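Working notes, beginning with the structure itself.
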Amino acid sequence: TVNGKQVSGDIDPRTLLVQFLRENLRLTGTHVGCDTSQCGACVVHVDGKAMKSCTLLALSCEGASIVTIEGLANGADLHPMQEAFRDNHGLQCGFCTPGMIMTAVDIVNRKGHDLDEVTIREELEGNICRCTGYHNIVKSVDAGAKAMARG
Ligand code: FES
Ligand code: FES
C-alpha cells in the first residue's frame with residue numbers, strides 16, 4: 001500500500017523500493033542522491049518508520065504500508081513539517097528535502113515535540129544536505145515538531 005492506495009507491479013526481484021516508487025509508480029519526490037546508503041534523499045516511511053528506500057528490495061515490502069513525500073500533505077494542505085521547512089527556509093535546491101522531511105516526521109514520532117538542537121542534529125546524521133549548512137533545517141525541524149503538537 002503506497003500513500004493509502006493498493007499498488008502492484010510485475011518486477012525484477014532485484015528492484016529496489018526506490019526504483020519501484022520512482023519508475024513504476026512515477027512518485028519522483030523520493031530521490032536518489034548516492035549509491036552508498038549515506039545521503040537519506042530516499043527516505044520514506046515503511047509501516048510508520050523512516051527507512052532508506054535505496055536499501056530495501058521492493059519485494060520485501062509486499063504487504064507493507066508505505067508513505068512517500070507525496071502522501072504527507074492532506075490534499076492542498078501541507079503537512080506541518082512541510083510548512084515549517086517552507087517558513088524557515090529549510091531548503092535551497094530542495095534535493096535533500098523530501099528525505100529530510102520524512103526523517104523529521106519520524107524523529108517527532110519517536111522523540112516527541114520538544115526537541116533540543118543536539119538531538120535534532122544527531123538524529124539527522126543519516127541525511128546529507130549539500131546546500132544549506134543545516135542551520136535552517138534544524139530550525140525547521142524544531143518548528144515543525146512544535147507545529148505537529150498543535151495538529
Ligand atoms: Fe538512499 Fe542515498 S539514495 S541513502
Ligand atoms: Fe540542496 Fe539540501 S537543499 S541538498
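Every number for a ligand or one of its atoms is a count from 1 in the order of the listing. Remember, predicted model here, so these are calculated numbers, not experimental data. Side-chain atoms are counted along with the backbone in the values below, which use heavy atoms only and exclude waters and symmetry mates.
Looking at C96 and C39, their side chains never come closer than 4.5 Å, going by heavy atoms from C-beta outward. Counting only heavy atoms from C-beta outward, the side chains of R110 and K49 never approach each other to under 4.5 Å. Contact annotation: the side chain of N74 never approaches that of H79 to less than 4.5 Å [non-hydrogen atoms, C-beta and beyond]. Side-chain contact between R150 and P80 is absent, with no heavy-atom pair separated by less than 4.5 Å. V46 is listed as a side-chain neighbour of L17, based on a closest heavy-atom distance under 4.5 Å. With a 4.5 Å cut-off on side-chain heavy atoms, V32 and Q19 do not count as touching. Residues N3 and L27 form a side-chain contact, since some pair of their non-hydrogen atoms from C-beta on lies under 4.5 Å apart.
Only protein N, O or S atoms were considered, and those under 2.8 Å from atom 1 (Fe) of ligand 2 are C93 SG, C131 SG.
The other members of the hydrophobic cluster of V108, by chain and number, are V43, V67, I69, L72, M81, F85, L91, M100, I101, M102, V105, I107, L115, I120, L124, I128, Y134, I137, V138, V141, M148 (side-chain heavy atoms under 4.5 Å, ILVMFWY only).
Nearby protein atoms of type N, O or S around atom 1 (Fe) of ligand 1 amount to 2 (distance under 2.8 Å).
Every residue meeting the side-chain contact (heavy atoms from CB on, under 4.5 Å) condition with D12, not counting sequence neighbours, appears here in chain and number order: R14, T15.
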